[in-house]
Structure formats: structure tokens, C-alpha cells
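Before any comments, here is the structure.
Index from 1, following the sequence.
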Amino acid sequence: QVQLVESGGGLVQAGGSLRLSCAASESIFSISSMGWYRQAPGKQRELVALIISNGGSTHYADSVMGRFTISRDNAKNTVHLQMNSLKPEDTAVYYCNAIFYFKDYWGKGTLVTVSS
């Protein structure tokens, strides 16, 4: 079992920045990958960014490429999502995800609202 706790959501104006954090109950070295997904009202959940534990490679959705950065703090078992140049269309509930021994684990989500 892996518990994931997100933090850092909130209300921000378009063009602003937010930093999301996801604290894992297990060492992130033992977790295959960690990522951020988001779900806007009336839409399906979509992958935003992903970081692979072995090697640290990253993957981003086209819509956030160049604006968002995923990173990890190994000592704190935490993954961050730095979000810059936010747009109203980035408004969504953001969920942290971890794949641990071939199982998916999810946080409860944190709301990000970008006003125009």
C-alpha cells in the first residue's frame, strides 16, 4: 500500500504559478513511476506529467510542455509539479499517481483554479 497526499492547489490568476507537492508513504525509489493527472468538470482524467523512478526520465502532455515541470525530492519521498504561465484551461482537480508493484495508487486530489 502507498498513501499519497497532495498539497499546493488553490486559486491563481492567468499567467501565475503554483507548485503542487505529493508526499508518498513509501520510498520513491521503490515506486516505478509517479505522475500527475488532472480532471476538469465534464472531462476525462488525463495525464499531465510523469517521472520514472529508474533513471528519472520525464514525460509531459503536449498542453503543458514548456510550462510545467515535474521533479522529485528523494530525501522527502515527494514529487513536485511546478506550474508556470497558468491558463484558465488548466483549471482542474489534480491527482497524484504512483505505480507500486504493478498497482495504481491515487491521492485524493487538489483543486487548481485559474481565473481569467
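- S32 has its side chain out of reach of S53: every pair of non-hydrogen atoms, C-beta onward, lies at least 4.5 Å apart.
- In this structure a side-chain-to-backbone donor-acceptor pair under 3.5 Å is present from Q39 to K43.
- Linking ILVMFWY side-chain heavy atoms closer than 4.5 Å, directly or via other members, places L50 and F100 in two distinct hydrophobic clusters.
- Between W36 and F68 there is no side-chain heavy-atom pair separated by less than 4.5 Å.
- Tracing side-chain contacts under 4.5 Å through hydrophobic residues (I, L, V, M, F, W, Y), one never reaches L20 starting from Y95; they form parts of separate clusters.
- S63 places no side-chain N or O within 3.5 Å of a backbone atom of A61 that could act as its donor or acceptor partner.
- Of the inter-residue distances, the one linking N84 atom CG with T69 atom OG1 reads 6.5 Å to the nearest 0.5 angstrom.
- Atom CG of residue N74 and atom OG of residue S27 lie 7.5 Å apart, to the nearest 0.5 angstrom.
- A chain of hydrophobic side-chain contacts below 4.5 Å, direct or via other Ile, Leu, Val, Met, Phe, Trp or Tyr residues, connects V93 to W106.
- Residue C22 holds its SG atom at 9.0 Å from CG of N97, rounded to the nearest 0.5 Å.
- Looking at every heavy atom in both residues, R72 comes nearest to I52 through NH1-O, 3.5 Å.
- Following chains of ILVMFWY side-chain contacts shorter than 4.5 Å, one can reach Y60 starting from Y94, so the two form part of one hydrophobic cluster.
- Under the side-chain hydrogen bond (donor to acceptor under 3.5 Å, both in side chains) criterion, D73 pairs with no residue at all, not counting sequence neighbours.
- Contact detail for G56 and I51: the closest heavy-atom pair is O-CG1, 3.9 Å.
- Closest approach of E6 and K108 over heavy atoms only: OE1-N, 3.1 Å.
- Considering every non-hydrogen atom in both D90 and S85, the closest pair reads OD2-O, 4.4 Å.
- Contact detail for P88 and A14: the closest heavy-atom pair is CD-CB, 4.1 Å.
- When side chains are defined from C-beta on, M83 does not count as touching S17, because their heavy atoms never get closer than 4.5 Å.
- For H80 and S71, the side-chain atoms include no donor-acceptor pair closer than 3.5 Å.
- When side chains are defined from C-beta on, D104 counts as touching I99, because their heavy atoms get closer than 4.5 Å.
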I'd like to know whether M34 forms a side-chain contact (heavy atoms from CB on, under 4.5 Å) with I70, so could you lay out the CA-CA distance, the side-chain angles of the two residues, the decisive distance to 0.1 Å, and finally the verdict.
CA-CA 10 Å; M34 292 187 71; I70 189 170; 5.8 Å; no
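- When atom types are taken as modelled, the side chain of T113 and the backbone of L11 share no donor-acceptor pair closer than 3.5 angstrom.
- Cluster annotation: L81 is connected to V2 through the hydrophobic network of ILVMFWY side chains, with a link wherever side-chain heavy atoms come within less than 4.5 Å.
- Atoms NZ and CD, from K103 and Q1 in turn, are 7.0 Å apart once rounded to the nearest 0.5 Å.
- Salt-bridge check for E46 with R38: passed, with a basic side-chain N closer than 4.0 Å to an acidic carboxylate O.
- Nearest heavy atom pair, residue A24 against residue L4, reads CB-CD2, 3.8 Å.
- Residues Q82 and L18 fail the side-chain proximity criterion, which asks for heavy atoms closer than 4.5 Å.
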